[in-house]
Amino acid sequence: MTTPAPVRLYDSLRKQKVELQPLVPGKVSMYVCGPTPYAAAHIGHAYSACCFDLIRRSLIFLGYDVKYVRNITDVDDKIIKAAAKTGQDPLALSRHFTAEYNVDMARFSVMPPDVEPLVSTHIEPIVKLTEKLIERGKAYAADGDVYYEVKTFPGYGKLSGQAVDELEAGARVDVDERKRAPADFALWKAAKPGEPAWPSPWGAGRPGWHIECSAMTWAHLGETFDLHGGGKDLVFPHHENEIAQSEGAFGDGTFARYWVHNGFLNFEGEKMSRSEGNVFGCGEIAAAVGAEAVRFYFVSHHYRSPIDFEFHVVKNAAGERTAIRFPGLEAADRRLEYFYVTLQRIDAFVAQGGDGGDGPVVPECEALVATAREALADDFNAPVTVAALGEAAKLANKLLDEGKGIAKDVKRRSLARIARDLRAVGKALGVLHQAPAVYLAARRDRLVERRGLDVAEVQRLLAARAAARAAKEWARADEVRGQLAALGVEVLDTPQGTDWRVADSDA
RNA sequence: GGAGCCAUAGCCAAGUGGUAAGGCAGUGGUCUGCAAAACCACCAUUCCCCGGUUCAAAUCCGGGUGGCUCCUCCA
């Protein structure tokens with residue numbers, strides 16, 4: 001068992017890169033704020049999930065044993081509201097969207113969490129924690145509600161940089177006579193008619209928004225654990241309140257040892273919002289460009305940077321939306337095609353003549369895994385890792401094309417090694433997990449569909465061109481090539497025969 | 001009003017003190033019946049602007065300008 005490589009990561013609390021020193025050497029406990037399932041997941045949910053999945057996969061790649069907990073907030077105002085509209089049971093509604101969420105995340109190669117706790121099944125630790133906070137003088141009950149008294153926690157604001165008095169000065173904090181101070185927040189809310197409720201020492205009610213994460217980390221990871229993640233938008237108030245709750249209950253220095261936040265996903269520089277009409281569902285985008293292209297696009301950017309989606313809506317003469325195009329994602333898909341074509345070439349070569357057995361490889365083969373380890377250990381730098389994948393693929397193509405002056409078995413071993421490493425590093429990023437033929441066929445189908453190509457017609461033209469070439473009627477063959485090109489079909493003559501691909505440069 | 005982020009080539013994007021990764025597009029070339037794919041070469045004396053610190057700054061500090069986010073249970 002090798003010792004896991006030391007990892008440096010940017011800690012949002014310390015506001016600098018620090019070395020990750022897990023509580024238990026070699027093991028990392030990780031908690032990520034999951035969704036509140038009240039509607040279908042959009043692509044922003046996927047980005048956040050992918051960022052933390054990248055961190056998880058990177059740690060595994062580097063040799064850590066990771067315990068990954070991602071909660072489901074299945075008791076919440078938004079769920080209750082959505083359920084009321086259709087007369088559904090709120091828990092049934094959230095169960096439905098939770099299942100859908102997990103299907104969507106799986107599309108983007110997000111690994112299922114080791115533990116996926118629900119608020120509805122963690123009422124007991126939530127009540128216990130709330131009682132503890134009352135005992136310790138951090139919280140007070142009022143008319144069946146329980147509030148956290150922010151001024152009892154001196155460290156309040158250390159994560160977000162918010163100052164309590166500034167918050168009070170702001171006009172946007174809830175005003176409620178039952179609260180002692182405007183910044184105090186609810187740990188427990190008294191039941192209202194028609195809402196889900198559980199018994200508690202303060203009467204029937206349900207948990208407030210922030211308490212569940214403090215309770216669930218406690219239940220599954222203990223009073224102190226390693227990484228806590230979430231979207232940047234959760235820094236305040238959610239994570240600030242979690243700290244107040246957990247440290248308030250268990251003492252300073254408990255709770256998350258490192259905080260990690262991912263950047264936001266914007267559309268054309270604008271925040272995603274219903275009113276902008278730029279909220280896209282996971283399925284919609286996956287269908288348009290392929291889910292793996294989305295993941296590849298994600299890992300081509302650093303998780304802490306904001307990421308931008310370009311898109312334009314295609315309309316017909318009547319002004320109706322006929323399609324949505326995502327140029328950046330399509331470019332990512334094109335790049336992904338390069339990797340899969342390269343893998344396919346290597347696979348075919350190795351399948352035909354073997355992998356060369358044990359022995360030396362060309363030295364440049366060593367670079368990919370070495371670079372990936374270094375880059376991922378430095379704040380999970382996926383873009384640099386992607387660049388290393390590119391270098392390795394280039395080397396493979398070079399070996400396949402020529403490989404002169406290299407012993408045959410060295411060449412075979414090197415190529416087999418590159419294919420293996422491409423997949424291993426790809427796994428750390430959540431890409432290159434498909435069989436090349438499967439990916440390439442799906443991509444071609446997608447492009448055929450986008451261009452509205454008649455495949456039978458394409459086949460007919462290809463056959464006509466093949467006949468012309470067999471007769472060495474070059475002018476005729478080129479004429480047919482031109483016809484195919486006009487349709488958007490590129491013809492690829494190879495020693496193994498003629499293949500074709502759909503041009504993606506336009507249309 | 002308070003807190004914070006970002007600004008790198010035509011485009012996307014790494015790099016947070018040591019002399020600008022990578023990709024797309026573009027140009028030339030090898031290969032090819034012609035192409036495509038693949039590969040090779042070229043492609044930012046410079047990192048929004050102005051000052052400062054330093055032997056050394058895209059990186060640190062101060063001041064601008066432009067864009068964005070949080071303080072509204074929005075990932």
Side-chain angles (χ1 to χ4, degrees), chain A residues 10 12 15-17 32-36 38 41-52 73 76-78 157 160-163 165-167 169-174 183 185-186 208-210 229-238 240-241 261-266 269-274 279 297 300-302 304-308 310 327-328 330-332 334-335 337-338 341-342 345 371 375 378 381-391 393-402 469 472-475 477-478 481-482 485 489-494 498-501 503 505:
Chain A
Y10 184 87
S12 313
K15 303 196 181 0
Q16 58 180 311
K17 271 194 204 175
V32 175
C33 287
T36 300
Y38 66 101
H42 59 239
I43 196 68
H45 292 107
Y47 182 52
S48 190
C50 286
C51 286
F52 293 105
T73 303
D76 175 271
D77 290 350
K78 284 175 294 186
S160 61
Q162 303 287 333
D165 47 342
E166 294 295 345
L167 289 170
R172 284 167 152 174
V173 191
D174 281 349
F185 57 92
W209 175 34
H210 315 289
K232 268 193 170 127
D233 60 320
L234 293 178
V235 170
F236 189 88
H238 187 55
E240 197 68 65
N241 290 353
H261 291 99
N262 72 282
F264 252 47
L265 189 158
N266 297 314
E270 297 299 320
K271 184 180 168 175
M272 197 179 341
S273 73
R274 306 263 170 217
V279 175
Y297 185 78
S300 300
H301 299 70
H302 190 90
R304 276 191 289 112
S305 303
I307 187 170
D308 198 64
E310 237 186 315
E330 287 168 17
R334 214 170 302 152
R335 184 66 177 158
E337 180 192 42
Y338 166 80
V341 168
T342 301
R345 291 187 73 192
T371 304
D378 183 10
N381 194 326
V384 167
T385 307
V386 169
L389 286 175
E391 295 298 329
K394 188 188 283 186
L395 173 62
N397 279 309
K398 224 180 293 186
L399 287 168
L400 286 163
D401 282 347
E402 334 181 14
R469 290 184 76 214
K472 296 203 189 299
E473 293 170 11
W474 304 127
D478 289 349
R481 178 195 287 287
V489 173
E490 287 173 354
V491 181
L492 292 71
D493 292 328
T494 74
T498 298
D499 199 0
W500 61 282
R501 67 190 286 277
S505 50

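Chain letters run A, B, ... following the sequence lines, proteins first, then strands; residues in each count from 1.
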Do [X] side-chain and [N] base share a donor-acceptor contact under 3.5 Å?
X         : N      : answer
Asp401(A) : C31(B) : no
Asp233(A) : C70(B) : no
Asp478(A) : G33(B) : yes

* To do: Take atom C1' in U27(B) and the same atom in U53(B), then report the distance between them in whole Å.
  =>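 Comparing C1' positions in U27(B) and U53(B) gives a spacing of 43 Å.
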
* For nucleotides U54(B) and G2(B), find the distance between their P atoms and express it as a whole number of Å. =>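 33 Å, rounded to whole Å.
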
* If A38(B) has a Watson-Crick or G-U wobble mate with both distances under 3.5 Å, name it; if not, just say none. =>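 Partner of A38(B): U30(B).
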
* Hunt down the Watson-Crick or G-U wobble partner of A3(B), both distances under 3.5 Å, from any strand shown, or write none. =>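 With both distances under 3.5 Å, A3(B) matches U69(B).
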
* To do: Evaluate whether the aromatic ring of Phe264(A) and the six-membered ring of the A75(B) base sit under 5.5 Å apart, centre to centre, with an inclination under 30°.
  =>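 Yes, Phe264(A) stacks on the base of A75(B).
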
Just the table, please: protein N/O against nucleotides 21-26 of chain B N/O, every pair under 3.5 Å.
from: G23(B); atom 1: O3'; to: Arg335(A); atom 2: NH1; distance (Å): 3.4

Whole-Å gap separating [atom2] ([N]) and [atom1] ([X]):
X         : N      : atom1 : atom2 : answer
Asn397(A) : A37(B) : CG    : C1'   : 9 Å
Leu234(A) : C71(B) : CG    : C1'   : 14 Å
Gln162(A) : A3(B)  : CD    : C1'   : 5 Å

* Is Arg345(A) touching bases, backbone alone, or none of the nucleic acid, heavy atoms closer than 4.0 Å? ->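 Sugar-phosphate contact only.
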
